[in-house]
2 protein chains.
Amino acid sequence: MPAVLTERQAEILRLVVREYIETADPVSSRSLVEKHGLTVSTATIRNEMARLEEDGYISHPHTSAGRVPSERGYRHYVELLMSEDPVLPEEQRTIEHQLHQVLGGLDEWLSLAATILAASVGNVAVVTRPQTVGARLKHMQLVELHGESVLLVAVMDDGRVRQRVLPQRTPARQEQFNQRAVRLNAVIAGRGAAAIRLAASELADGEEAAVVRAVAELVEEQRFTEETFLDGLRAVLEQPEFASADRMLHAVQQLEAYRVRRLLEQARAERVGITRVLIGREHGDEGMLEWSVVVSNYGDAAGSIGTVAVLGPTRMRYERTIPRVRYVATLMGHLIESVR
Amino acid sequence: MPAVLTERQAEILRLVVREYIETADPVSSRSLVEKHGLTVSTATIRNEMARLEEDGYISHPHTSAGRVPSERGYRHYVELLMSEDPVLPEEQRTIEHQLHQVLGGLDEWLSLAATILAASVGNVAVVTRPQTVGARLKHMQLVELHGESVLLVAVMDDGRVRQRVLPQRTPARQEQFNQRAVRLNAVIAGRGAAAIRLAASELADGEEAAVVRAVAELVEEQRFTEETFLDGLRAVLEQPEFASADRMLHAVQQLEAYRVRRLLEQARAERVGITRVLIGREHGDEGMLEWSVVVSNYGDAAGSIGTVAVLGPTRMRYERTIPRVRYVATLMGHLIESVR
DNA sequence: GTTAGCACTCTCGGCTTGAGAGTGCTAAGT
DNA sequence: ACTTAGCACTCTCAAGCCGAGAGTGCTAAC
């Protein structure tokens with residue numbers, strides 16, 4: 001397999017990939033000549049195609065079908081042949097505007113970002129909440145509930161707001177809860193789960209110790225289903241690769257939260273700022289052989305890292321998807337700074 | 001159409017419905033006799049079936065197929081022929097145990113309830129958050145964020161905890177925010193959106209007025225997508241009625257949040273405590289002609305009302321679904337009391 | 001009122017067939 | 001040595017056909 005392609009071969013590969021991404025039909029030598037005004041004949045194209053196939057860039061579904069890019073073909077295309085379709089200032093403004101409309105805090109931003117991204121690339125988009133290794137408590141508050149319970153609300157320095165209903169043996173008024181919150185905040189605000197747990201063990205009052213232990217749990221809690229925002233299922237199912245019922249059902253199964261989580265764990269880009277493209281079996285998930293993943297991490301100075309990704313068939317508009325994933329990831333990076 | 005069925009006709013109808021629900025195949029006179037040891041011949045069954053068909057209880061996909069229940073047949077079955085499959089104490093314990101494992105507050109309960117219900121009936125389950133007409137603020141809190149913003153956290157008396165990032169011109173320390181929160185709570189805690197808005201207009205300090213206006217918005221905010229918890233998509237798509245790609249895609253489309261919302265609005269049961277069954281076109285949604293909905297409202301003394309529903313093909317195990325929807329609805333009713 | 005018997009209808013899977021799409025190869029042209 | 005016209009060959013796909021099988025409706029007898 002010669003690693004180098006002639007100029008003409010590269011151009012043919014580029015056109016095959018583009019054409020196939022657009023139409024989803026195997027592309028024939030004739031359609032290539034007709035649609036792109038090539039100055040050579042179909043026979044020449046066929047000869048070149050035969051070479052490309054020998055070298056593993058494209059393949060044949062069956063004898064008398066056109067050519068389809070292989071994983072290697074897509075990879076070559078993504079790395080060398082394609083030019084990115086930039087997110088225009090106009091589109092950037094629209095997206096940022098939509099995000100700023102919503103002032104509800106991190107979760108709403110992440111969810112909306114997934115929706116916007118999905119709509120923009122026509123595939124499934126996933127945005128995970130930044131996983132903070134050493135999250136700290138910013139502030140806690142107790143709110144009196146009817147009956148024998150109290151609502152604990154904890155705000156973390158990674159933007160999470162978590163709550164929990166706690167039983168309360170000795171009834172108290174809101175005012176007393178406020179005082180208790182101020183007292184406890186003085187001890188545990190700004191600290192991580194471990195330090196808070198330690199503080200709990202040193203408290204004389206059993207009820208307060210229970211509250212503080214609960215805070216520690218909330219600080220370190222990472223619940224995946226609630227930490228992942230996914231959208232675009234319907235759009236991806238409309239792609240022709242899922243035109244049969246069993247393929248479609250299979251896709252729906254693969255996109256269940258816990259599977260997507262596993263996939264993203266494997267596919268995680270190494271560093272913030274890099275956008276990775278994993279084509280076909282490159283991501284190593286047996287169930288999603290014909291899927292590609294475009295993934296980018298985002299994070300802040302404090303080292304908490306989240307993921308923005310698009311999942312779709314290998315026949316995906318990489319030109320469009322890659323810059324959009326990258327853009328949304330940087331946007332998310334800015335947003336998490338703002339809720340620190 | 002004689003409205004009354006003979007005992008034998010009713011029994012045959014009952015068996016046809018049961019058999020069809022179980023197998024999804026049109027049921028023939030022979031299968032009925034064979035499987036249920038009837039003492040009459042297949043010919044007799046056929047005669048009776050012809051009567052049932054005349055009366056509109058069952059129908060014929062084509063000449064040489066067995067019988068399939070019509071909407072009327074299902075209705076008769078649900079109202080008169082079927083006996084409910086109660087939620088056994090064992091199952092109740094399991095469900096309640098799962099719910100009590102999770103202490104995160106209302107949203108997690110609702111979401112988990114949808115998951116449990118979906119798994120238990122093998123169809124799509126939807127649980128909406130109780131829509132409170134006149135929600136009141138229970139407590140608000142301000143948390144200092146890095147930079148020029150502050151996080152407003154509001155706890156409502158219907159169990160919602162909402163947050164919003166607010167810009168903050170004059171930087172301040174957490175202690176000052178606490179004092180401000182105490183001051184503002186004294187004025188607005190326990191009040192509804194209108195009263196809070198009024199209070200905002202009377203405040204001298206512009207920054208405080210902005211905070212209070214934001215609180216008012218949070219108090220009355222009802223955001224549907226975040227207010228609906230849906231699960232069981234995959235299970236329902238495995239039903240044979242969605243065995244072709246276009247039907248499956250159509251189902252996925254119909255189950256998008258905003259459509260489900262419309263459907264539930266139309267299908268809303270009148271009173272808390274009643275479980276309604278809407279079969280086929282009875283729910284009036286053109287796009288979901290072959291779907292049934294089992295729906296039950298739940299609420300608390302204060303009049304906030306939420307919905308628990310199961311959506312699935314008309315060929316649904318009503319015996320099982322109805323009591324489970326009812327049970328989960330009452331459970332939700334208790335839970336919302338507990339976070340008041 | 002019930003039932004055996006039978007003709008009739010309809011579906012479904014398998015098979016065949018012909019059209020169409022594309023290729024690979026050969027041989028001739030530049 | 002590269003390009004290309006021409007053509008045989010392969011494979012898919014839709015349409016049509018066929019026969020088996022399932023079920024019914026009807027008739028006539030019990």
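A note on names: the letters A, B, ... follow the listed sequences, proteins ahead of strands, and every chain is numbered from 1.
With rounding to whole Å, His62(A) atom NE2 is found 10 Å from dT23(C) atom P. In this structure, Glu53(A) atom CD and dG24(C) atom P are separated by 7 Å, rounded to whole Å. In this structure, Glu19(B) atom CD and dG23(D) atom P are separated by 11 Å, rounded to whole Å. The nearest whole Å value for the distance from the CZ atom in Arg46(A) to the P atom in dC2(D) is 18 Å. If you take OH of Tyr20(B) and P of dG23(D), they are 14 Å apart, rounded to a whole angstrom. Regarding Gln9(B), its CD atom lies at a distance of 11 Å from the P atom of dT2(C), rounded to whole Å. Taking atom CD of Glu48(A) as the reference point, atom P of dC2(D) lies 10 Å away to the nearest angstrom. In this structure, Glu7(B) places its CD atom 16 Å from P of dG1(C), rounding to the nearest Å.
Between Pro26(A) and Ala43(B), the one whose closest nucleotide on DNA chain C sits nearer the 5' end is Ala43(B). Of the two residues contacting DNA chain C, namely Val40(B) and Val27(A), the nearest-nucleotide position lying further toward the 5' end is that of Val40(B).
Counting heavy atoms from C-beta outward, Glu11(B) and Leu15(B) have side chains that approach closer than 4.5 Å. Residues Leu32(B) and Met49(B) have side chains in contact (heavy-atom distance under 4.5 Å, counting atoms from C-beta outward).
Side chain of Ser41(B), nearest nucleotide from dG25(D), dA4(C), dG24(C): dA4(C).
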For residues 285-293 of chain B, run the donor-acceptor check on the side chains, cut-off 3.5 Å, and write out each pair with its distance to 0.1 Å, sequence neighbours left out.
from	atom 1	to	atom 2	distance (Å)
Asp285(B)	OD1	Gly287(B)	N	2.9
Ser292(B)	OG	Tyr318(B)	OH	2.8

Before you tell me yes or no, could you show the steps for Thr23(B) and Asp25(B) under side chain to side chain donor-acceptor pair (under 3.5 Å), namely the whole-Å CA-CA distance, both residues' side-chain angles and the distance that decides it to 0.1 Å? CA-CA 5 Å; Thr23(B) 64; Asp25(B) 280 329; 4.9 Å; no
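Considering only side-chain N and O atoms, Ser64(A) lies nowhere under 4.0 angstrom from the phosphate OP1 or OP2 of dT10(D). Between Thr44(B) and the phosphate of dT3(C), there is a side-chain N or O to OP1/OP2 separation shorter than 4.0 Å. For Arg67(B), a side-chain nitrogen or oxygen approaches OP1 or OP2 of dG25(D) to under 4.0 Å. Phosphate contact (OP1/OP2 of dT2(C), side-chain N/O of Arg8(B), threshold under 4.0 Å): present.
Looking at residues 29-39 of chain B, you'll see Ser29(B), Arg30(B) sit with a heavy atom under 4.0 Å from some atom of DNA chain D.
Here the side chain of Thr128(A) pairs a donor or acceptor atom with the backbone of Thr307(A) at under 3.5 angstrom. Looking at Gln9(A), its side chain never comes within 3.5 Å of a backbone N or O of Glu48(A) through a donor-acceptor pair.
Evaluation of the salt bridge (Lys or Arg N to Asp or Glu O under 4.0 Å) test over residues 310-321 of chain A, restricted to residues two or more places apart or in two chains, returns Glu241(A)-Arg315(A).
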